[in-house]
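Worth knowing before you read on, the calculation uses all heavy atoms, side chains too, and leaves out hydrogens, waters and symmetry mates.
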Amino acid sequence: MDGGAGESWRAKRAKIEAESSTTGANNGVGASQRKRALITGITGQDGSYLAEFLLSKNYEVHGIIRRSSSFNTGRVEHIYQDPHLPHTQLFLHHGDLTDSTNLFSIISKVKPHEVYNLGAQSHVKVSFEMSEYTADVDGVGTLRLLNAIRTAGLEGTCKFYQASTSELYGLVQQVPQSEKTPFYPRSPYGVAKMYAYWIVINYREAYGMHLSNGILFNHESPRRGPTFVTRK
């Protein structure tokens, strides 16, 4: 991890804390009033950058990570904070998109103002080899999050962002694609993401929840996983 980036964040955080301590009483931005965000997939490329960004905006950031016998937090080590120390703004929770009870427990405890669902089994080739797991995580996992938000009574206060994918277009019907281009997914990953896309729209219309889809095309950075084609 780039040491310079870590130093830059620490300097930024010190500035934020200094400003909060001197102006908090006047502007009303205290720990109890700070916005809380929950990120699935926080240890991935996009999740780690999003966590950095939200911390720079003085959010309290919570991330869901899967239990593993090996360390899988390399992309967020430079912003990790000891949860036992005062003024901590980053918290990690063990969880999994396949576990409804676990997701409800985390959401009811954190009571997030914003949820960013970036977690997924996102490798297209692997989705053919692990099609059922991909459907469970990428498709039904989104439904579990939405139901957890509703069950926790947060449907009127929590905003939800679903990371969709250009794999929805698959066998492209139009060049270039737009939000009106018909979907034609060509992999279990794309099909699972299509379910997630439409369940977000369905719940938004059925329950009046603040839910958004973002269709993401390939985007690169030094944190891009080495198993993806662009890093080979």
Side-chain angles (χ1 to χ4, degrees), residues 27-65 89-93 95-120 122 135-169 177-181 183 190 192-217 219:
N27 63 23
V29 181
S32 62
Q33 297 172 303
R34 186 177 290 131
K35 285 187 177 180
R36 293 180 301 279
L38 176 65
I39 304 172
T40 71
I42 192 172
T43 59
Q45 172 187 243
D46 294 1
S48 61
Y49 281 120
L50 177 59
E52 287 178 345
F53 176 76
L54 294 176
L55 287 169
S56 75
K57 296 295 184 182
N58 205 27
Y59 274 64
E60 179 179 300
V61 177
H62 296 257
I64 296 179
I65 61 173
Q89 289 178 231
L90 176 66
F91 302 88
L92 300 179
H93 307 264
D96 198 293
L97 288 170
T98 63
D99 190 332
S100 301
T101 303
N102 167 257
L103 294 176
F104 170 72
S105 176
I106 293 172
I107 286 176
S108 60
K109 176 183 177 182
V110 173
K111 292 182 171 55
H113 300 99
E114 301 169 12
V115 173
Y116 297 88
N117 185 28
L118 311 183
S122 58
D136 197 16
V137 173
D138 299 6
V140 184
T142 302
L143 176 64
R144 293 187 182 102
L145 281 171
L146 297 177
N147 282 336
I149 291 171
R150 291 191 63 237
T151 306
L154 303 176
E155 65 267 36
T157 59
C158 181
K159 299 177 181 179
F160 180 90
Y161 173 82
Q162 168 66 17
S164 292
T165 171
S166 60
E167 289 291 327
L168 294 174
Y169 297 119
Q177 294 84 53
S178 72
E179 292 183 0
K180 295 182 180 179
T181 301
F183 295 148
K193 281 289 192 174
M194 188 170 179
Y195 173 85
Y197 177 92
W198 282 110
I199 200 64
V200 164
I201 292 175
N202 182 264
Y203 268 48
R204 181 173 67 219
E205 295 177 350
Y207 301 112
M209 299 169 70
H210 192 298
L211 312 176
S212 303
N213 281 299
I215 301 176
L216 308 179
F217 286 70
H219 44 287

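For Lys35, the side-chain contact (heavy atoms from CB on, under 4.5 Å) partners two or more places apart in sequence, or in a different chain, are Tyr59, His113, Glu114. Contacts of Val200 classified as side-chain contact (heavy atoms from CB on, under 4.5 Å), with partners at least two apart in sequence or in another chain: Thr142, Leu146, Phe160, Gln162, Leu211, Asn213.
Atom CG of residue Leu145 and atom CG of residue Leu38 lie 7.5 Å apart, to the nearest 0.5 angstrom. A distance of 10.5 Å separates CG of Asp138 from OG of Ser164, quoted to the nearest 0.5 Å. Atom CG of Leu55 and atom CD of Glu60 lie 10.0 Å apart (nearest 0.5 Å). The OG atom of Ser212 sits 8.5 Å away from atom NZ of Lys159, with the distance rounded to the nearest 0.5 Å. Note: Arg204 CZ to His210 NE2 = 9.5 Å, rounded to the nearest 0.5 Å.
Here the closest non-hydrogen pair linking Ala192 and Ala135 is CB-CA, 3.9 Å. Minimum heavy-atom separation, Gly141 to Leu103: O-CD1, 4.5 Å. Taking each heavy atom of Ala148 and Ile107 in turn, the nearest pair found is CB-CD1, 3.7 Å. Between Ser48 and Gln45 the shortest heavy-atom distance is OG-O, 2.9 Å. What you find for Asn102 and Gly95 is that their closest heavy atoms are OD1-CA, 2.9 Å. Of all heavy-atom pairs spanning Gly119 and Leu97, the tightest one is O-CD1, 3.5 Å.
Two residues are said to be in side-chain contact when any heavy atoms from C-beta on lie closer than 4.5 Å; Leu154 and Val115 fail this criterion. For the pair Gln177 and Tyr169, the minimum side-chain heavy-atom distance is below 4.5 Å. Taking the side chain as every heavy atom from C-beta outward, Tyr203 and Leu143 approach each other to under 4.5 Å. Between Gln89 and Arg34 there is a side-chain heavy-atom pair separated by less than 4.5 Å. The closest side-chain heavy-atom distance from Ile42 to Ile64 is not below 4.5 Å.
Between Tyr116 and Tyr161, the ring planes are tilted. Angles from 30° to 60° get that label. Between Phe91 and His62, the angle of the ring planes stays under 30°, which puts this pair in the parallel group of the 30/60° scheme.
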Quiz item: Passes side chain to side chain contact (heavy atoms under 4.5 Å, CB included), Phe183 versus Met194? Steps please.
Solution: CA-CA 8 Å; Phe183 295 148; Met194 188 170 179; 3.8 Å; yes
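No donor-acceptor distance shorter than 3.5 angstrom exists from the side chain of Lys193 to the backbone of Ser122, with no hydrogens or angles considered.
Residue pairs meeting the salt bridge (charged side-chain N to carboxylate O under 4.0 Å, His left out) criterion with at least one partner in residues 143-152, sequence neighbours excluded, are Asp136-Arg144.
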